[in-house]
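Just below is one structure, and these are the notes that go with it.
Chain A is the first sequence line, chain B the second, and so forth, proteins listed ahead of strands; every chain is numbered from 1.
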Amino acid sequence: MKAALEELLTASLQTLAGDVLPDGATTEDINLERTRDPRHGDFATNAAMLLARHARMNPRQLAEHIIARLPESSLVARVDIAGPGFINFFLAPAAYREQLTRALAAGEQWGHSDIGAGQRVQVEFVSANPTGPLHVGHGRGAAYGASVANILAATGHAVHREYYVNDAGRQMDILAASVWLRYLEHCEELIDFPANGYRGSYIRDIAEQLKATHGERFYRPADEVMQGLPDDEPRGGDKERHIDALIARSRELLGEEDFRIILDAALEAILADIRDDLEEFGVSYDEWFSERQLVESDAVAQTLARLEDKGLVYEQDGARWFRATDFGDDKDRVVVRDNGVATYFASDIAYHLNKLERGYQRLIDIWGADHHGYVPRVRAGLRALEMPEASLDVLLVQFAILWRGEEKIQMSTRSGDFVTLRELRHEVGNDAARFFYVMRSNEQHLDFDLELAKSRTNENPVYYIQYAHARIQSVFDQLKARGGDFDPERGLASLSRLDEDHEMDLMVEISRYPEVLEQAARNHAPHTLAHYLRDLAGALHTYYNAHTFLVDDEALRDARLCLCLATRHVLRSGLDLLGVSAPDDM
RNA sequence: GCCCCGGUAGCUCAGCCGGAUAGAGCAAUCGCCUCCUAAGCGAUAGGUCGCAGGUUCGAAUCCUGCCCGGGGCACCA
């Protein structure tokens, strides 16, 4: 609908070019928008005000010319000039009826578009380290990323959803060591658990499982394990040095093979848990990309070699540093530590390079806001390798703060004392969780109130929208119960009977849906879709209360049911994109 | 100190690629179920858009400075 009006406007401006307007008059800032105030019509454009200077006439005068050259269209009932030079379009009611007809024909595809046709987009999100269960912060990234990906797919982009599994590197070694120590505890050995180890109870579970499968195979006396290690932090030592030494000792005592068995057992258990969790949350991936494979395929080494060849790496204090400052970063960054181990940053450059080599036009990384300092260095890496860094969008998700009514829930990842995503889902349900997570802009801190999310009251926006959907279903059920029969053909033929204000309002909302999806896709902003669905549900509830749908006049009744049906399609489609269910009854 | 996000109604937030009289939900007050689900609807009230400059025909929106809140500045991930 909007596109059709834009065509009219463009056509008019083209006939004016070289006549009233100079040939090269720029038109990029011209916009055509829905009006806020119905007295300004349905759509308005600022074209005359922006082009007035080029035309060397005042905006209202130019507006006259633009209107005079607008092609004839059945969509438009009237065009006015208002205020400082706005051109206001008043649409014909028939235009909205036509949109409704199209919406019904499209069903749940209504609103989908092909604006992203030909674009391959890779969306990487969550990518939490497989060192423990997902917590509520990851949940927001999951809900946001999944919704963004869904919306991009609905607007015609070829979307590839990917989870980057950090299954290589030091954190994995720490994980394996943590599990092993708990295993030894399970064998009745007394161990001072390292300050830097993973302390969560899930580590004990994995250790117990290991004992059940492998028995005493990995048993070593505690003295042998701990003897001669540098002091840990509680004893005044350095916790990093302590854990590194502990890892080395573990490898030595167990041998590479057994160490790897423990590491893999832990990795597989945790990864399986993460997959299940996300799957239950309605979040699925096309690919789980393994960092370990990236390392083992030599891609990291090759990437580093490319940087070395360009002379962008130097040695200092025993480490290898990438000249990130040459490419816009604040500091140079270590790519190989003094112990010879490549940093995660080195893998990350290789990973992004790999993504681009796979042929995506656009990469979207969704990260927690606490990683924002990481953005310049990844961009620096891409720029150094002469890759088009503009093709990378990093979308940051701010923290979610949990509340139970008035009480703020404190969390600390270090101590393993955090609320998991699974606990949250079980408490408030998947629908409320998905909706609450994306209800606010990703750039806003999110206050997530568990009490509110659980409440079955009018304070809870999720139920408000779902209820609108269930109500429509209930109307159709009611019709059937009364022995009536909905005839869509008759309804479509009678759309002109829909002349009540509430009906027009609802038709306007339905006609907006394609624009809402387009905007949500362009801005990576699922919250705009959430707000729209609330508005749409509101228009339905208002209409429902003002008029009876199941009237004796069958033509009018079926026309109204057509309107309800289209509304239901949009509600279902929109909720689906947000990963929220659309129940038939509540 | 430097970087990122935020500061809009009592509360939580939209609006921010400049547009017309700044919106919504909740909370508050007053109404609406013999009628398709009251998890609903209607009405009323509520604002120096953090502060100060600047750009513009026009600024909540863009620029600069400052104030307040949150986060980040590792040979951690």
[N] base / [X] side chain donor-acceptor hit below 3.5 Å:
X	N	result
A/His372	B/C3	yes
A/Asp535	B/A14	no
A/His445	B/G71	no

- How are the rings of A/Tyr513 and A/Tyr532 set relative to one another: parallel (under 30°), tilted (30 to 60°) or perpendicular (over 60°)?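 The rings of A/Tyr513 and A/Tyr532 lie parallel, inter-plane angle below 30°.
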Hey, does [X] reach any base, or is it just sugar-phosphate, or nothing, if we go heavy atoms under 4.0 Å?
X	answer
A/Tyr344	sugar-phosphate
A/Met49	base
A/Arg320	nothing
A/His469	nothing
A/Tyr374	base
A/Asn339	nothing
A/Arg60	nothing

Separation of the [atom1] atoms in [N] and [M], to the nearest angstrom:
N	M	atom1	result
B/C4	B/G53	P	25 Å
B/G15	B/C30	C1'	30 Å
B/U48	B/U12	C1'	22 Å

- Is A/Lys454 atom NZ crowded by more than 12 heavy atoms from other residues, nucleotides or ligands, each under 6.0 Å away?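 Buried by this count: over 12 neighbours within 6.0 Å.
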- Message: Surrounding CG of A/Asp552 (heavy atoms of other residues, nucleotides or ligands, distance under 6.0 Å), is the total greater than 12?
- Response: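 No - once you tally the heavy atoms of other residues, nucleotides and ligands closer than 6.0 Å, there are 12 at most.
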Can you see if the side chain of [X] gets near the phosphate of [N] - specifically, an N or O under 4.0 Å from OP1 or OP2?
X	N	answer
A/Lys331	B/A74	yes
A/Gln444	B/U12	no
A/Thr542	B/G40	no
A/Tyr543	B/G42	no
A/Arg36	B/G15	no
A/His527	B/G15	yes

Starting at atom [atom1] of [X], determine the distance to atom [atom2] of [N], rounded to an integer number of angstrom.
X	N	atom1	atom2	result
A/Asp501	B/G42	CG	P	13 Å
A/Arg534	B/A24	CZ	P	11 Å
A/Arg377	B/C76	CZ	P	11 Å
A/Tyr544	B/A39	OH	P	10 Å
A/Gln473	B/A39	CD	P	18 Å
A/Leu446	B/C5	CG	C1'	14 Å
A/Ile81	B/G19	CD1	P	21 Å
A/Asp365	B/C4	CG	P	19 Å

- Message: For the CZ atom of A/Arg140 and the CG atom of A/Leu424, what is their distance to the nearest 0.5 Å?
- Response: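 Taking CZ in A/Arg140 and CG in A/Leu424, the distance rounds to 13.0 Å.
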- Query: So, does A/Ser474 use its side chain to make a donor-acceptor pair with the main chain of A/Ala470 at under 3.5 Å?
  - Reply: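 Looks like no, no N/O pair under 3.5 Å.
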- Message: Does A/Tyr437 form a ring pair (Phe, Tyr, Trp, His ring centres under 6.0 Å) with A/Tyr144? I'd like the steps, not just the answer.
- Response: CA-CA 7 Å; A/Tyr437 271 135; A/Tyr144 176 69; over 10 Å; no
Name the closest nucleotide to the [X] side chain, picking from [options].
X	options	answer
A/Arg471	B/A20, B/U21, B/A38	B/A38
A/Arg170	B/C4, B/C36, B/C76	B/C76
A/Tyr464	B/C4, B/G40, B/A39	B/G40
A/Leu50	B/A14, B/C36, B/G19	B/G19
A/Gln478	B/C3, B/C75, B/C36	B/C36
A/Met586	B/A39, B/C13, B/C4	B/A39

- Query: Going by a 90° cut-off around 0, is B/C51 syn or anti?
  - Reply: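 Here B/C51 takes the anti form, which means its glycosidic angle is more than 90° from 0.
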- Query: When you check the side-chain N and O atoms of A/His352 and A/Asp365, is any donor under 3.5 Å from an acceptor?
  - Reply: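 Yes, side-chain donor-acceptor contact under 3.5 Å.
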- Query: For A/His40 and B/A20, are the ring centres under 5.5 Å apart with planes inclined under 30°?
  - Reply: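 Taking the rule of under 5.5 Å and under 30°, the ring of A/His40 does stack on B/A20.
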- Task: Flag as yes if A/Phe86 stacks onto the base of B/A20 (centroids under 5.5 Å, planes under 30°), otherwise no.
- Result: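 A/Phe86 ring centre within cut-off of B/A20 base, planes near parallel; stacks.
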- Going by an N to O cut-off under 4.0 Å, is there a salt bridge joining A/Glu509 and A/Arg512?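 A salt bridge is present here (some side-chain N lies under 4.0 Å from a carboxylate O).
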- Message: Between A/Arg440 and A/Leu550, which residue's closest nucleotide on RNA chain B lies nearer the 5′ terminus?
- Response: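 The answer here is A/Arg440.
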- Item | Nearest-nucleotide comparison on RNA chain B, the residue closer to the 5′ end among A/Val475 and A/Gly318 |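 Taking each residue's closest nucleotide, the earlier one in sequence belongs to A/Val475.
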- Message: Return the pairing partner of B/G19 with a 3.5 Å limit on both distances, Watson-Crick or G-U wobble; otherwise return none.
- Response: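 In the structure as shown, B/G19 has B/C57 as its Watson-Crick or wobble partner.
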